[in-house]
Number of protein chains: 2
Amino acid sequence: MKRKITLKQIARELDVSISTVSKALRNSPEISEDTKQKVQAFAKLYNYKPNNIALSLKNRKTNTIGIIIPEIVHHFFSKVIRGVELVANKRGYNVIVGLSNESFSKEVINMEMLANGSIDGFILSISKETLQLQDYHHFNETMDQGMPVVMFDRVVSDIKCDKVIVNDFGGAKRAVEKLISNNCKQIALITTKDYVSVGKLRTQGYMEALKESGFELKSSLILKLDDRLDYEVHLEALEKEIEQLFKSNTAIDGVFAVNELYALSAMKVARKLGLEIPRDVQVIGFTDGVLSKHSTPSLSTVSQHAQIMGERAADLLINKLETVSTEAEEEYQTIVIETDLIERESTK
Amino acid sequence: MKRKITLKQIARELDVSISTVSKALRNSPEISEDTKQKVQAFAKLYNYKPNNIALSLKNRKTNTIGIIIPEIVHHFFSKVIRGVELVANKRGYNVIVGLSNESFSKEVINMEMLANGSIDGFILSISKETLQLQDYHHFNETMDQGMPVVMFDRVVSDIKCDKVIVNDFGGAKRAVEKLISNNCKQIALITTKDYVSVGKLRTQGYMEALKESGFELKSSLILKLDDRLDYEVHLEALEKEIEQLFKSNTAIDGVFAVNELYALSAMKVARKLGLEIPRDVQVIGFTDGVLSKHSTPSLSTVSQHAQIMGERAADLLINKLETVSTEAEEEYQTIVIETDLIERESTK
DNA sequence: TTGTATGCGTTATCAT
DNA sequence: ATGATAACGCATACAA
């Protein structure tokens with residue numbers, strides 16, 4: 001077992017100084033061709049590679065970016081990671097992952113752990129608990145220390161930083177407009193409580209679409225679910241709520257749901273109640289998920305382009321890292337990713 | 001914007017030496033209560049945290065583990081990551097993620113990048129291309145340099161290292177036995193080409209189950225798909241192959257598929273051909289996926305406990321990292337994770 | 001009780 | 001053309 005070789009060892013073996021070795025390997029013109037040859041050959045033979053940690057310390061730059069997400073077992077977030085990874089690697093960076101598990105304290109701890117020199121900047125999406133508590137001190141402190149932060153998807157306007165978001169409002173609006181143009185008269189909304197920013201925006205898109213088309217808003221058609229409950233686990237609870245919605249509004253002929261699971265559950269419940277999709281009820285979801293594509297009937301959905309979000313976020317962060325910050329000009333930008341309406345079998 | 005504070009700055013401010021500060025912060029008995037108080041108060045005020053990179057360099061230990069997987073947008077792998085992350089964080093480690101994207105060269109590059117000091121050890125699952133090429137030099141070289149490697153799921157016996165695998169053979173066997181005991185007489189297998197180790201093992205489980213029950217093996221009932229094709233994209237191609245299978249074996253009354261997508265496609269095709277599930281055909285898949293649970297009918301499946309695999313792998317690696325290697329005793333272990341058969345609506 | 005010196009691996013600056 | 005030295009931030013053995 002040969003341990004990783006260092007400059008020092010090469011120097012000792014070849015009986016030259018460390019700095020000579022270093023220069024020779026970087027092809028410095030200061031060094032004679034002879035020595036270069038010798039050193040480079042030796043280095044290749046022993047497969048020398050500079051130690052990243054030493055470089056990081058010296059350069060005060062790790063070439064690593066930290067990404068903190070609420071949950072990795074989630075198609076949307078893993079696609080974002082893939083996007084980040086893709087761009088990061090292409091531009092010479094590594095990616096280190098932290099999971100907040102939707103918890104405030106884990107988010108804080110994870111960020112502190114990484115902020116102590118391990119990474120050059122953050123890409124993150126805020127946990128639900130943090131959104132509820134509205135405690136954003138850790139973000140601000142991190143940025144105060146000169147560590148750039150790019151937020152994606154779940155963001156808050158109070159925080160001054162670069163952001164990449166989905167056009168939740170517009171995507172939702174277009175989805176509902178589609179239902180309207182498909183002749184739906186009673187369009188239900190299945191959404192989350194308002195503290196989830198994206199849920200709120202999608203809800204607003206729904207309302208705006210109805211308003212513009214001259215529909216009246218019926219609050220009985222809106223089901224706001226508390227997604228602190230893990231509905232992956234409590235699926236029956238979810239279905240019960242939706243069933244209630246359908247039963248108290250028998251004329252529902254369209255459903256817009258702010259995520260995939262809600263949409264699928266709506267289809268399931270509707271079918272159970274003897275309604276046929278899309279003949280009796282048309283359904284559109286909001287997601288980048290895999291369920292939509294493979295469900296029966298397959299689900300029409302607003303696609304979020306998660307991977308592109310990751311790519312944009314990574315580019316934004318790395319640009320900031322590699323630009324000589326002329327201080328003062330603290331200009332933050334927000335990139336809005338447009339959505340696509342993917343029409344499948346759940347709409348006419 | 002106050003940059004991160006260092007020992008040196010604290011020392012200068014308080015007019016003591018760096019080592020005094022260092023000792024005071026670590027509560028060394030060498031230092032007087034007075035100075036300790038002063039230093040600790042100051043440190044807390046300025047929120048001092050030791051620089052990870054400096055510590056890593058000094059200790060020659062990064063407390064970071066690298067995980068290399070073929071694909072992150074995949075329920076199985078992201079669950080494994082979650083397991084790794086969970087244990088790693090609990091034990092004071094960070095996780096850095098590299099994606100091979102099923103490519104040999106990306107796998108090699110990614111490993112080299114991380115092996116140069118960034119991490120203490122690897123957890124990885126081999127890419128398909130690497131499995132085909134059977135070129136494992138990068139794994140061996142990494143281990144030669146004293147960096148421990150734990151492989152999971154996709155492993156090869158040629159490589160001497162710790163491993164965490166699923167009981168693919170047993171899981172498949174039990175699934176097929178279930179179909180048999182449910183009175184299936186013509187059980188088809190939808191699997192991958194043999195170079196994918198897990199596919200091969202599951203195929204063997206299928207065969208063994210049939211053999212033990214005295215069934216004859218009919219090669220016409222076995223469909224081996226080349227999964228270099230991305231069937232997520234070429235879904236129609238997949239369905240066509242399966243349709244062919246059903247048409248040339250009209251008596252098929254059971255299907256065992258080695259993954260979720262194959263199983264779902266089988267159900268879809270069967271329905272299209274007028275067969276009802278599970279009345280006419282019973283189907284069992286193999287996976288940890290989310291599709292199975294939400295499909296209609298929901299899919300009975302062999303669960304792999306991906307998160308547990310990640311946890312075990314992390315424990316294995318960290319144990320190795322933290323044990324004083326008495327050299328010589330190079331004992332590697334292979335942990336086998338048992339599967340569960342989850343019965344849902346696609347079986348009787 | 002406090003401070004000095006050394007080293008982790010590297011590069012850059014400044015001698016020789 | 002080559003080498004000595006300092007510095008990145010920290011911890012520690014050893015002096016004072």
Side-chain angles (χ1 to χ4, degrees), chain A residues 2-40 42-43 46-64 114-120 145-147, chain B residues 2-40 42-43 46-64 114-120 145-147:
Chain A
K2 43 177 185 185
R3 237 203 151 56
K4 286 233 70 150
I5 197 168
T6 69
L7 287 187
K8 189 194 269 194
Q9 294 168 43
I10 300 183
R12 187 156 7 98
E13 290 297 324
L14 298 181
D15 210 49
V16 290
S17 78
I18 296 182
S19 42
T20 302
V21 176
S22 175
K23 287 170 185 165
L25 289 177
R26 328 199 96 246
N27 238 312
S28 158
E30 294 181 30
I31 305 296
S32 72
E33 275 310 316
D34 240 32
T35 349
K36 273 193 211 167
Q37 295 278 321
K38 201 174 51 175
V39 172
Q40 289 175 0
F42 191 92
Y46 284 86
N47 191 30
Y48 169 81
K49 295 274 170 51
N51 179 305
N52 284 332
I53 295 292
L55 287 180
S56 296
L57 183 59
K58 173 127 196 57
N59 304 330
R60 279 119 133 233
K61 178 116 178 28
T62 62
N63 271 264
T64 300
L114 297 184
N116 297 320
S118 301
I119 63 165
D120 296 333
Q145 293 176 5
M147 176 150 315
Chain B
K2 44 177 183 183
R3 229 190 164 62
K4 288 233 69 151
I5 198 169
T6 69
L7 285 188
K8 189 195 269 193
Q9 293 167 43
I10 299 182
R12 188 159 1 100
E13 290 296 323
L14 298 181
D15 210 49
V16 290
S17 80
I18 295 181
S19 54
T20 302
V21 177
S22 175
K23 287 170 186 167
L25 290 177
R26 330 198 96 246
N27 239 312
S28 158
E30 294 181 26
I31 305 296
S32 72
E33 275 310 317
D34 240 31
T35 345
K36 273 193 213 169
Q37 296 277 321
K38 201 174 52 173
V39 172
Q40 289 175 359
F42 191 91
Y46 283 88
N47 191 30
Y48 169 81
K49 294 273 169 48
N51 179 302
N52 284 331
I53 294 292
L55 286 180
S56 296
L57 185 59
K58 172 136 199 47
N59 304 329
R60 278 120 133 231
K61 179 118 176 32
T62 62
N63 271 265
T64 300
L114 297 183
N116 297 320
S118 301
I119 62 165
D120 297 333
Q145 292 176 5
M147 175 150 315

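Basis for what follows: all heavy atoms, side chains included, without hydrogens, waters or symmetry-related copies.
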Given 3.5 Å as the limit, does a donor-acceptor pair link the side chain of Lys36(B) with the main chain of Ser28(B), or not? yes
Pairwise side-chain contact, Thr35(A) with Lys23(A), heavy-atom cut-off 4.5 Å (strictly under): no
Which whole-number value in Å describes the distance from Ile10(B) CD1 to dA11(D) P? 11 Å
Indicate the atoms forming the closest heavy-atom contact of Ile53(B) with Ser56(A), along with that distance. CG2-CB, 3.9 Å
Between Leu25(B) and Leu7(B), is there a side-chain heavy-atom distance shorter than 4.5 Å? yes
Between the side chain of Lys4(A) and the main-chain N/O of Lys49(A), is any donor-acceptor distance below 3.5 Å? no
Measure CG/Asn116(A) against C1'/dC10(D) and give the value in whole Å, please. 13 Å
Asn52(B) has an atom CG; how far is it from atom P of dC8(D), in whole Å? 18 Å
Each nucleotide in nucleotides 10-16 of chain C should get exactly one letter: B, S or -. Can you fill that in based on protein heavy atoms under 4.0 Å? BBBBB--
Measure from CG on Asp120(A) to P on dC8(D) and round the result to the nearest Å. 18 Å
Roughly, in whole Å, what's the span from NZ in Lys36(A) to C1' in dA1(D)? 11 Å
Any side-chain to backbone donor/acceptor pair from Asn59(A) onto Lys61(A)? Under 3.5 Å, distance only. no
Spacing of Asn63(B) atom CG relative to dA11(D) atom C1', expressed in whole Å: 15 Å
Whole-Å gap separating C1' (dG9(D)) and NZ (Lys4(B)): 12 Å
For Thr35(B), answer base if it contacts any base atom (sugar-phosphate contacts may also be present), sugar-phosphate if it contacts only those atoms, and nothing otherwise; contact means non-hydrogen atoms under 4.0 Å. sugar-phosphate
Which residue, Glu33(B) or Arg60(B), contacts DNA chain C at a nucleotide closer to its 5' end, judged by nearest heavy atom? Glu33(B)
Could you check whether any side-chain N or O of Ser22(A) sits under 3.5 Å from a backbone N or O of Ile18(A), counting only pairs where one atom can act as donor and the other as acceptor? no
When you measure from the side chain of Asp120(B) to the backbone of Thr62(B), do you find a donor-acceptor pair of N or O atoms at a distance under 3.5 Å? yes
Ile5(A) side chain reached by Ile10(A) side chain, heavy atoms, under 4.5 Å: yes
May I ask you to evaluate whether Thr20(A) reaches the phosphate of dT2(D), defined as a side-chain N or O under 4.0 Å from OP1 or OP2? no
Helical bend (five base pairs per end, nearest 10°) for the helix from dT1(C)-dA16(D) to dT16(C)-dA1(D): 70°
Between CZ of Arg12(A) and P of dG3(D) the distance, given in whole Å, is 15 Å
